[in-house]
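Numbers restart at 1 for each chain; the letters A, B, ... are given by sequence-line order, proteins then strands.
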Number of protein chains: 4
Amino acid sequence: MLNRVILIGRLTADPELRYTNNGTAVASFTLAVDRMRSNSNGERQTDFINIVVWNKLAELVSQYLQKGRMAAVDGRLQIRTYENRDGQRVRVAEVVAEGVRFLDRGEGNQSAKSASAAPPVKNNTSPAPSKQPDFGPYDDPFADDLPPGFEEDLPF
Amino acid sequence: MLNRVILIGRLTADPELRYTNNGTAVASFTLAVDRMRSNSNGERQTDFINIVVWNKLAELVSQYLQKGRMAAVDGRLQIRTYENRDGQRVRVAEVVAEGVRFLDRGEGNQSAKSASAAPPVKNNTSPAPSKQPDFGPYDDPFADDLPPGFEEDLPF
Amino acid sequence: MLNRVILIGRLTADPELRYTNNGTAVASFTLAVDRMRSNSNGERQTDFINIVVWNKLAELVSQYLQKGRMAAVDGRLQIRTYENRDGQRVRVAEVVAEGVRFLDRGEGNQSAKSASAAPPVKNNTSPAPSKQPDFGPYDDPFADDLPPGFEEDLPF
Amino acid sequence: MLNRVILIGRLTADPELRYTNNGTAVASFTLAVDRMRSNSNGERQTDFINIVVWNKLAELVSQYLQKGRMAAVDGRLQIRTYENRDGQRVRVAEVVAEGVRFLDRGEGNQSAKSASAAPPVKNNTSPAPSKQPDFGPYDDPFADDLPPGFEEDLPF
DNA sequence: TTTT
DNA sequence: TTTT
């Protein structure tokens, strides 16, 4: 069936990058998404939405996104259910991002990145890139589906 | 910020219609949204996603949708937090539907509707409608924004 | 950048399946998408939107969709510009479908399919399938990105 | 039916604000939306997509957006058909924006605004605002649908 | 006709 | 648990 979610918001913290037993990269972060409520005037509401990213995109995200930065996420809503330590069934909603677009350049809390308490999941041996990557972080995940000479030989 | 969700799925049960203290109608139901997992071949995964609908649309939904029927939902993802009876903070994710489109006619479990254990929230005094309403259930919520004579006097 | 379009509508005609010089399958059809206009009451407006589909999905679409059938399309909006026979530059808007979901079963004009004047692009040697394919037509194009044992070894 | 489009791109020029005979404000602009093509490596493709905005939002857009600025648009795809001066039937695709979010602050070509050749459609008598409006430009168009005391009296 |  |  159809399941699509598009969000724009700011990271509440640096992304966390981990690896599954199979060595698959998976990053997670929370997006603060504001919404307007016109009735109770001025009242600002925020949804804190958990995002999960896999594979190559996970590594890009953990390299280029930090706390406070704005991002657009295109993905699908997923409800995961698991048993917690008390044996209770817990439902977790998260958006599995299929595309992520970085929307501002370093206006976020730059220092927050190095403040991360987590083990050095990020590849600090290579110096931090000084600018956005040339290959856009939002590699159209469908692009591979396009035939080599798209415009040239459209049969109509 | 931007927050948009589009889903197609089937109702796991009849919608529940309630009213707030202010007399505002609010309906809720769960949508079973299948997804394909190409790796573990044939494995079918389903996300059960809670939907909330307000006002006039809530009443339409509770009138025309039943368990098993297919629907498209256009809305936004909302994370609600509350304390449960054990004093624990619980996060609930739900999609607030701004538009709902009914996608099949009565192929769902028709009798399930009357099996609802809830108090008679539905208006059973008026006989059930035998066909779809003429006014589409998916009233474009933005349509009011359009000026009266749209095409006629476009200034370009 | 972000570019996403989600539509539900009905096919105005059978899809046309062609092949590029490279042998890539490409199907095209038009979706009639109704919209409500609440002001000029009752007035029904329809947008006729051209859809393009590539590769395996193109063949699925041309096999299972016909004139009159309802479908959901998930894709991106593309503006193509070309010179017509009069040397005029023409802009064409079309939605490149990345996912297509078939929303009703054969209630459309079944016979219209065989009325297609095009060369036999459809595989008529194999008998027409009597039911929906078991593999859903809306193969999540991202599913391959998911790691083999998703739930089992999530590192959080 | 369902018709939703979400775009992120940059304005190719200042928005043009006009008024219908009825005095309804309508703004239009073009969004340059890049896309990646992974096959023909490095090749950058751009779709130039026309956006139309009505009413209050039209005036906000013409006040706060200029050439080069980045914006997110949430709306629907509309196909308008008209006869041109040569009597030819022309199809125009445009996205009717229901929500617009301004995504960067003044990094675009600021001076371009005053370079507009159009008659003074913008209210130049009041000095240009030095910062974003406090009321977000992306007023959720559905917000009015929410009941006054949403969270307080949810009946479940 | 086009934006970074 | 939270971002500007």
**Message:** Tell me whether R4(A) is salt-bridged to E98(A), with the criterion being a basic N under 4.0 Å from an acidic carboxylate O.
**Reply:** yes
**Request:** Determine whether any donor atom in the side chain of R91(B) lies under 3.5 Å from an acceptor atom in the base of dT2(F), or the reverse, and answer yes or no.
**Result:** yes
**Request:** Grab the CZ-C1' distance between R80(B) and dT2(F) for me, whole Å please.
**Result:** 19 Å
**Asked** Side-chain donor or acceptor of T46(D) under 3.5 Å from a matching atom on the base of dT3(E)?
**Response** yes
**Prompt:** Tell me: CG of D47(A) to P of dT2(F), nearest whole Å?
**Reply:** 14 Å
**Complete:** Atom CE of M1(C) and atom P of dT2(E) are separated, to the nearest Å, by 18 Å
**Asked** Can you check whether R76(A)'s main-chain N or O pairs, donor with acceptor, with N3(A)'s side chain at less than 3.5 Å?
**Response** no
**Asked** Between atom OG1 of T24(D) and atom CH2 of W54(D), what is the distance when rounded to the nearest 0.5 Å?
**Response** 6.5 Å
**d(CZ, F29(A); C1', dT3(F)) in whole Å** = 12 Å
**Asked** Does the ring of F48(A) lie flat against the base of dT3(F), closer than 5.5 Å centre to centre with planes under 30°?
**Response** no
**Message:** Test your reading of the model: is there a side-chain donor-acceptor pair from N84(B) to the backbone of D86(B), 3.5 Å cut-off?
**Reply:** yes
**Fill in**
Closest of dT3(E), dT2(F), dT3(F) to the T30(A) side chain is dT2(F)
**Asked** Hey, are N50(B) and R80(B) close enough side-chain-wise for a donor-acceptor pair under 3.5 Å?
**Response** no
**Asked** dT4(F) P sits how many Å from Q66(A) CD, rounded?
**Response** 12 Å
**Residue D34(A), side-chain atoms from C-beta onward, closest of dT3(F), dT4(E), dT2(E)** = dT3(F)
**Asked** Once you round it to whole Å, what is the distance between P of dT3(F) and CZ of R44(A)?
**Response** 15 Å
**Request:** Calculate the interatomic distance between L65(D) atom CG and dT2(E) atom P; express it in whole Å.
**Result:** 21 Å
**Message:** From the set dT3(F), dT3(E), dT2(F), return the single nucleotide nearest to any side-chain atom of R10(D).
**Reply:** dT3(E)
**Request:** Could you state the atom-to-atom distance from CG of L7(D) to C1' of dT2(E) in whole Å?
**Result:** 16 Å
